[in-house]
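Chain A is the first sequence line, chain B the second, and so forth, proteins listed ahead of strands; every chain is numbered from 1. The structure presented is a predicted model; accordingly, all values stated were derived computationally and were not measured.
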Amino acid sequence: MYKRAAEQNCLSLLQLCNSLSKLTQIQAQIIKLGHKNNPLILSKLTSISSRFDAINYACSFIFSPESETHYYDTFLFNTVIESYAGTAKFKRAAIHYYKEMLSHCVEPNNYTYPFVLKACAGIKDLSLGKTVHGSVWKLGFSPDPHVSNAMIHMYCSCESGIEFAEKVFDEMAETSSVSWSTMIGGYVRCRMSSEAIRLFRKMQVVGVRPDEITMVLVLSACADLGSLELGKSIESFIENEKFEMRTELCNALIDMFAKCGDVDKALRLFKDMPTSKRTVVSWTSLIFGMALNGRGLEAISLFEEMKQAGLGPDEVTFIGLLTACSHAGLVEEGETYFDLMVNYYGIVPRIEHYGCMVDLLGRAGLVKKALEFVDRMPVAPNHVIWRTLVSVCCGQDKLDLGEKITKELIANEPMEESNYVLLSSIYAKMSFWGKKTTVRKAMTKKGIRKVSGSTVIELDDGV
DNA sequence: ATAGGGTTAG
């Protein structure tokens, strides 16, 4: 009886724990009360510690070299794997503990695999995912819907695995809106948006009712396709079916209308949202919408309004804002906002932010400044940055420099078709017909298909 | 006593 009370005591202490210092005190209590090998308490310790990023600390205690292993059980390992799978940086540790579990002959169950597969998805390890799939099959967990859905999600998250996801999905005996949403989301992620829409139609034919999450995904497919007609039909569907207008669904509608060109409709939807429901995503979607529709000044006022509303912009907001400055030719504003982002908001610029700045300077004709900016960047320029520089050079009739950079690009990515198109168009501008033919030959030699129709027209324009 | 899909960019 005393033991039970002590266990309850430890569990309720853990429930209230919200910092590492409290955790160490509770840990001392656990040892004192003789519960350092109690799987239930250790599981609770694990899940609680993952809430304040102390999972590594908790596991070093649970799995210390001198700890006895007889208490290791499935539930404890499941919790450890789940906690690690939910971290940003230590997903591999989830796999490590899954392997530990197997080597200690602790049997995984149907709860184990969704966690393990989530970790595989997070680290995009297809071959590991396939191995886990094999174990799932051998152990007979394949019919479990949670396991299957996690499997689909895993294959969709690993690049070039989509057909494996389709296979798992097709073989499911019973599907739910979760399975369909997982698959639709997988297509959207792979930019196979038409497939996503096709599957959504099929879902209705088969008679599985979509939910709010399905609709968010379908809207992002519409946004990707840029089809306003399709987007509007989905909007009517949402209205007719009386879906709950959650923030995420409103945001998806705003994003869809903005990307499909009806930015005024996006603005109306945004204004109709209760102020308290607007999130940084709502604002950012609208700022992007303005930027992409040539309304840079409105994007800037929205950003200022957002600050007034007391919402902190994130790194994505700044990509939108800098894009707006770039498209509107607002060089000084762009430079000021870049500084604000770094020095006031403490956001470490990513390659995308640098790309915006190169674009900003380049479009304004400041080629030299753009090149100096790239030189000073603390990160290595990627092909997007180089391509931006090339188009800047071409626009400013600095064809020699453009040619030099493009040759570098080709040296780095010899199989990338668009690089040859760039070089070809530079030579077309230079009227070096002989060289242009050489480029075509080099492409054929490397087994690269002919350039697409639209590109050919563009090249012929140059003629 | 632990489970599956989601919004902005890339």
Side-chain angles (χ1 to χ4, degrees), chain A residues 7 11 38-44 46-48 50 73-83 85-86 108-118 121 141 144-154 156-157 165 168-169 172 175-189 191 196 203 208 210-221 223-224 246-256 258-259 266 270 277-289 291-292 306 313-323 350-353 355-356 382-384:
Chain A
E7 185 182 89
L11 288 175
N38 180 320
L40 175 57
I41 288 175
L42 295 177
S43 301
K44 198 81 199 165
T46 303
S47 53
I48 293 285
S50 68
D73 74 354
T74 303
F75 180 69
L76 176 59
F77 271 109
N78 285 354
T79 312
V80 169
I81 294 166
E82 179 193 20
S83 300
N109 62 10
N110 52 328
Y111 283 77
T112 313
Y113 284 99
F115 302 141
V116 174
L117 290 165
K118 186 180 173 186
F141 295 126
D144 186 296
H146 285 91
V147 174
S148 301
N149 293 333
M151 192 79 72
I152 296 168
H153 182 250
M154 180 277 292
C156 290
S157 307
V168 176
F169 179 74
M172 280 180 83
T175 55
S176 63
S177 66
V178 178
S179 339
W180 290 81
S181 300
T182 309
M183 202 59 230
I184 290 171
Y187 283 130
V188 174
R189 197 196 302 251
R191 306 216 81 178
M203 180 179 186
V208 178
D211 59 25
E212 284 84 3
I213 296 178
T214 320
M215 298 323 297
V216 166
L217 293 164
V218 170
L219 284 170
S220 75
D224 183 46
R246 305 238 298 260
T247 301
E248 294 84 351
L249 193 50
C250 290
N251 291 348
L253 277 168
I254 292 170
D255 176 58
M256 182 275 291
K259 289 217 182 101
F270 178 83
K277 276 198 163 184
R278 294 176 194 160
T279 64
V280 63
V281 178
S282 329
W283 288 92
T284 302
S285 301
L286 199 55
I287 288 171
F288 257 100
L292 300 176
M306 175 185 178
D314 66 11
E315 49 181 34
V316 187
T317 315
F318 277 102
I319 297 176
L321 184 64
L322 295 173
T323 304
R350 300 211 319 226
I351 192 86
E352 290 85 358
H353 297 105
C356 289
N382 63 4
H383 56 96
V384 178

Could you give the start and end, 5' to 3', of the contact zone on DNA chain B for chain A, using atoms under 4.0 Å from its heavy atoms? dA1(B) to dG10(B)

Describe the nucleic acid contact of Arg189(A) in one word from base, sugar-phosphate, nothing, applying a heavy-atom distance below 4.0 Å. sugar-phosphate

What nucleic acid atoms does Ser282(A) come within less than 4.0 Å of, heavy atoms only: base, sugar-phosphate, or nothing? nothing

Can you name the residues that form a side chain to side chain contact (heavy atoms under 4.5 Å, CB included) with Ser157(A), not counting sequence neighbours? Ala121(A), His153(A), Arg189(A)

By salt bridge (charged side-chain N to carboxylate O under 4.0 Å, His left out), which residues pair with Asp224(A), not counting sequence neighbours? Arg191(A)

Describe the nucleic acid contact of Thr74(A) in one word from base, sugar-phosphate, nothing, applying a heavy-atom distance below 4.0 Å. nothing

Applying ring pair (Phe, Tyr, Trp, His ring centres under 6.0 Å), name anything that partners Phe270(A), two or more places apart in sequence or on another chain. Trp283(A)

Under 4.0 angstrom, heavy atoms only, what part of the nucleic acid is Ser177(A) near: base, sugar-phosphate, or nothing? base

Remember a base hit wins even if backbone is also touched, and classify Tyr111(A) as base, sugar-phosphate or nothing at under 4.0 Å, heavy atoms. base

Applying a 4.0 Å non-hydrogen cut-off, can you work out what Ser181(A) is touching in the nucleic acid: base, sugar-phosphate, or nothing? base

List in chain and number order the residues that pass salt bridge (charged side-chain N to carboxylate O under 4.0 Å, His left out) with Arg350(A), two or more places apart in sequence or in another chain; answer none if no residue qualifies. Glu315(A), Glu352(A)

Taking only residues two or more places apart in sequence or in another chain, which ones pass ring pair (Phe, Tyr, Trp, His ring centres under 6.0 Å) with Phe75(A)? none

Side-chain donor-acceptor pair under 3.5 Å between Asn149(A) and Thr182(A), yes or no? no

